[in-house]
K.L.:
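One structure coming up, written as structure tokens, with questions to follow.
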Amino acid sequence: GSWCPALLCRGRAVPRPPPGPACAVGRPLRWASSFSQPGPTESDPGEGQIFLSESCVKRLLEITEGSEFLRLQVEGGGCSGFQYKFSLDTVINPDDRVFEQGGARVVVDLDSLAFVKGSMVDFSQELIRSSFQVVSNPQAEKGCSCGTSFSVRF
């Protein structure tokens, strides 16, 4: 019907999209901190989003306990200039942003978020290895075959 295009471009037409779930890829995520802490720590929807794939959510629910979550960091190094680093963590820092979906949480610090905003975190299970990966990163120019390293688009 005619409602679909209008709904999809609604967020682009106005400078600041209306509050609430964004019309995004996969199921919309909510900012876990946006309603609990008003003030300077409140997340600005313009800062960027991270999406979690079904397999990522499923795997995180299997391996995390209690207050554990998956931390995604971007570090210098790797064969393409930057590399993704995943770890399990329990401490949320003031400059962290929390992305939650289906009870699974991925936490990214603001510096790293600049390099991965708009990306999806996926859990890939292959014959020889299984790993968390960042897929379809709009900030990355090109990745390497190992899937952990990338260069930045300027």
K.L.:
Which heavy atom of Leu52 sits nearest a heavy atom of Val57, and at what distance?
P.N.:
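Looking at all heavy atoms of both residues, the shortest contact is CB-CG2, 3.9 Å.
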
K.L.:
Is a side-chain donor or acceptor of Arg97 paired with a backbone partner of Gly48 at a separation under 3.5 angstrom?
P.N.:
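Not at all, since once roles are kept as given, no pair shorter than 3.5 Å links the two residues.
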
K.L.:
Are any side-chain N or O atoms of Asp122 and backbone N or O atoms of Ser124, one a donor and one an acceptor, separated by less than 3.5 Å?
P.N.:
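Between the backbone of Ser124 and the side chain of Asp122 there is no qualifying donor-acceptor contact (under 3.5 Å).
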
K.L.:
Would a 4.5 Å heavy-atom cut-off, applied to side chains only, mark Val108 and Phe99 as touching?
P.N.:
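With C-beta onward as the side chain, the pair touches.
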
K.L.:
Kindly write out the residues that satisfy side chain to side chain donor-acceptor pair (under 3.5 Å) with Asp109, not counting sequence neighbours, or none if the list is empty.
P.N.:
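So Asp109 forms a side chain to side chain donor-acceptor pair (under 3.5 Å) with Ser112.
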
K.L.:
Roughly how far, to the nearest 0.5 Å, is the CG atom of Leu113 from the CG atom of Asp111?
P.N.:
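The CG atom of Leu113 is 9.5 Å from CG of Asp111, to the nearest 0.5 Å.
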
K.L.:
Where do Gln73 and Ser87 come nearest, in terms of heavy atoms and distance?
P.N.:
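Heavy atoms of Gln73 and Ser87 come nearest at OE1-OG, 4.3 Å.
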
K.L.:
With distance as the sole test, does Gln101 use its side chain to make a donor-acceptor pair with the main-chain N or O of Phe51 at under 3.5 Å?
P.N.:
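Side chain of Gln101 to backbone of Phe51, a donor-acceptor pair under 3.5 Å: no, none is there.
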
K.L.:
Test your reading of the model: is there a side-chain donor-acceptor pair from Ser55 to the backbone of Phe123, 3.5 Å cut-off?
P.N.:
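Such a contact is found between Ser55 side chain and Phe123 backbone.
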
K.L.:
What I'd like to find out is whether the side chain of Lys117 reaches to under 4.5 Å of the side chain of Gln139, using heavy atoms alone.
P.N.:
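Counting from C-beta outward, Lys117 and Gln139 do come under 4.5 Å.
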
K.L.:
Looking at every non-hydrogen atom in both residues, tell me the closest pair between Phe132 and Phe86 and how far apart they are.
P.N.:
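What the structure gives for the nearest pair is O-CE1, 3.3 Å.
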
K.L.:
Just by modelled atom types, is the Ser67 backbone N or O under 3.5 Å from a matching donor or acceptor in the Arg105 side chain?
P.N.:
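A pair under 3.5 Å: yes.
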
K.L.:
Taking the side chain from Asp96 and the backbone from Leu110, do they hold a donor-acceptor pair closer than 3.5 Å?
P.N.:
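Not confirmed, Asp96 side chain does not pair with Leu110 backbone.
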
K.L.:
Identify the two heavy atoms, one from Ser53 and one from Met120, that lie closest to each other, and give their separation to 0.1 Å.
P.N.:
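Looks like CB-SD, 3.7 Å.
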
K.L.:
A side-chain contact here means heavy atoms from C-beta on lying under 4.5 Å apart; do Tyr84 and Val116 qualify?
P.N.:
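Yes, close enough: below the 4.5 Å cut-off.
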
K.L.:
With sequence neighbours left out, write down each residue that passes salt bridge (charged side-chain N to carboxylate O under 4.0 Å, His left out) with Glu75, or none if nothing qualifies.
P.N.:
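Listed in chain order: Lys85.
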
K.L.:
For a quick test of your reading: what N or O donor-acceptor pairs under 3.5 Å do the side chains of residues 59-66 make, sequence neighbours left out?
P.N.:
residue, atom, partner, partner atom, Å
Arg59, NH1, Glu62, OE1, 3.0
Thr64, OG1, Leu60, O, 2.5

K.L.:
What closest approach, in Å, do Phe69 and Ile92 show between heavy atoms, and which atom pair accounts for it?
P.N.:
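Answer, listing the atom of Phe69 first, then Ile92: CE2-CG1, 3.6 Å.
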
